[in-house]
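What follows is one structure encoded as structure tokens, with my remarks underneath.
This one's a predicted model, so the numbers in the text were calculated from it and none came from an experiment. Letters A, B, ... mirror the listed sequences (proteins, then strands); counts begin at 1.
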Amino acid sequence: MISPNPEMPPVLRIDNLAVAYKVRGGEVEAVQNVTFEIYRGETHAIVGESGCGKSTVAWAIVNFLGANGYVKRGSIKFQGQELVGRSGEDLRRLRGDQIAMVYQDPMQALNPSMLLGDQMKEVLTVHRGMSDEEAQERCVKMLERVYMPDPANVMQRYPHQISGGQQQRVVIAMALLNNPALLIMDEPTTALDVTVEAAVLDLIAELRRDFDTAIMFITHNLGVVARVANRVGVMYAGEMVERATVEQIYHHPQHPYTQGLMRCVPRLGADKSTSLLYPIRGRVPPPNNRPAGCIYHPRCDYARDRCREERPSLRQLPSGTLVRCHFSEEIDPALWKPSEELELPKAQAEAQDAEPILVVNNLKKYYPVSGSGLKDVLGLGRKRFVKALENVSFAVPKGKTLGVVGESGCGKSTLIKTLIGLEDATEGKAEFLGFDITGEIQQRDLRLIQEMQMVFQNPDSTMNPSYTIGQQIARPMLRFGTVPKDQVRSEVIRLLDAMRLGESYYDRLPRQLSGGEKQRVGIARALASRPDLVLCDEPVSALDVSVQAAILNLLMEVQHTLGTTLIFIAHDLSVVRFFSDYVAVMYLGQIVEIGPAEAIYSPPYHPYTEALLSAVPVPDPSVKVKHIRLEGTVPSAISPPSGCRFHTRCPRRSLLPDPEVCQSEPPWRSFGNQHRIYCHLSPETLSSFDPVMTTGR
Amino acid sequence: MLVKDCMTRHPILIPPSTPAAEAQQIMTESNIRHLPVVGPGKRLLGLVTRQRLALEAGQLSSLSVWEITRYLSRLTAGDIMIRAGEVITISPDRTVERAARTMTENKIGCLPVIEDEIVVGILTEHDLLRAFQAMLGMPSPGVRVIMRMPDRKGEFAKLSRALAANNMGVMGIGVYPTPRLPGFYDMVVKISDATLDEVREALSQVEDQEIVDIREAV
């Protein structure tokens, strides 16, 4: 392959683009002054928090803005041809042939009632008038290209019969069938597990190289950007505030907003005792109410008079970075100090070994599945179970945090549901403060329920939309009688203050709050009964990085002042590393490795932990990560592999003198300091693994 | 090196309905000289070149001043293109030298690359010149030597043994019959990670061969 030709014109050139939506009482400019270009064989990432106009730019390119949206100013040139003002027919031809899009949710891009093969072939038979057999052959080839196992068979299936990662592969294969010059990917991996995400990102990088496709990659995940992009544009409130190569963005961010974003994500190997997360104060202004002057000045720590009056233009610095800031030469991020208004958790004092508050021993949870055969209907068939939890044992000391990680379907949520009593345990022991909690919640003492509360992933679906915030927080207090009736209001306000929400939120309804605020209310409600143990099921996954940092800080503060014990589920391994004292890695209902956080993230590793860590996108392009990709999918929990459940996918199995030993139950290997690994490999072999991540700098 | 390795993928394509004026504008703005005209599914219909946009004097003189404007404004890419049947094309699996030969034989500057009637790329003089640079290790610095050797078997093996003995890597190589000296071949070799003197020292030992030219080159 010859190096790309610099004189070539860009595939896509967007110049001074403004997109407006007509709304009641005027119009809103969702996107303003966006300028960038994408060259052949390049991945240009667009990052920013939700609501900053990333997707609007993508939709403007394919004229998919809806009935009320239109391009107000500027031009979009694709392959030298203006797209703004084109007729629908022209655009359709261009899109089908040369621009393809991949969206976040693959299930929405696939027709659930059509065979995958028919959907794929349609692309070729309709756009190219190809014959059916020829189309079939090409589709199979393309599926092979995206590493789909057994492609001819997959063509004969419906979308729901394959996994999410495979669905996304089908969508990517479909997008590439016409060999497009430009591929727009809008959060293509956000809905996928880290291990699947890593495989899809590898695939994207490879396809870009082989097909010389220009890729516009929209994401909010800074780790993903570091892995795939060549150049990055940072968007804030509808404007592009910085544009540079990926190395420049991560190592020398110029705009205060970019610097702020970098401080919101936990650095590699960082934990809460040695470093802090700094959320960006304030929030993104709504598009109809943007401040005058620099759009970022109300949240900027360096704002001066000039920033309030004059809007900066995108200008080029000597390093090649384009930045929209008056003073970026004078700003040195190394000298940055958190502003006074920012409330940060105090450094955690190293607590002594406390009493375990929760002890779980050989906990099992089986869900019966009913078969559809005649025998099963008559109740004569063999009973089958989904073994969601198998022999789970751990203990959490008081005031500490246990992080639980693993792919989706590994039993993380079942574990939490069983502990809190939404499900009863099938077998085993679980004791909380010395009380048995394996039964259903109806049989539990009210006091016990009060001591154990939960924060959910999606605050929207757990709040009654017609109750005010105050009522919702007051309810557990009244129910458990923790506070005398006449003091409930003041107690709620005290909690709201602690959540940095203030009294004014008491009478608001959930829909008047942003996502981050709703999650704060969710936490306040969980804390209202003054529990000893709070179970958090992905509490920050749905939030933007700056809000995520604020919520994590808040949880740490709560833990620090009240001594609450937390169990914390998250799929973002760097967040878990940062936030947890202990980490349990789960695979298919079993804990495969458990121990102090820092021990989990450095050798010795369980082979599964090793693979999981190597899949994590690290927000630093200079970090070298070992390339381990698991083959196949997670086996069914109805008939899990015998012995070590991971052995069917284990990349380290060949290190064993006798691989057949994996069919039997592995022993727990102990490495001191409560670090245990559930593996047949000898402790010496496990200790000889290299660290997954190494800094190249 | 095959055509698919050095062609430009995703060339700018236009539909036949594009006005000639717009085609001209695209060529000027993007700084290109050839525009493949395609129908649905990127099927090749024709090719617009810069020459095609130049009006023939004979045609002009037959029109009155007023007619010219109207004539020009109605002109589309479909009217002025070289039709698909007359466009010389190439498949992505042919060799670069074959492509170069086709271009010199027909005195043309561009070959649309076609696979199953569909345009998958374009190969121009520019692409071939870049391929030429790549073959001789152009963008990276190193020591460039021209070795003159008699036209017989085993000469290249001698040279490569000398390179191997001195642990020298080759990043570009080209061989051709020595001009005006029958019975000899000249070989251009570009060597990385070695100094001029080291290379001179190593290659002057090769029997029957002569260093014609040696220099540090980028």
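Looking only at heavy-atom pairs under 4.5 Å with chain A, the residue among I32(B), T18(B), D116(B) that has the most is D116(B).
Aromatic ring orientation, F64(A) versus Y103(A): tilted (interplanar angle from 30° to 60°).
When ring centroids are compared, H44(A) and F217(A) stay outside the 6.0 Å threshold.
Only the side chain of T8(B) has a heavy atom closer than 4.5 Å to any heavy atom of chain A. Residue contact with chain A, scored on non-hydrogen atoms closer than 4.5 Å, involves the side chain of E22(B) exclusively. Interface remark: P10(A) contributes no atoms to any contact with chain B (heavy atom separation under 4.5 Å).
For the residue pair Q209(B)/K158(B), the side-chain donor-acceptor check at 3.5 Å is not satisfied. Under 3.5 Å, the side chains of R208(A) and T43(A) contain a donor-acceptor pair of N or O atoms.
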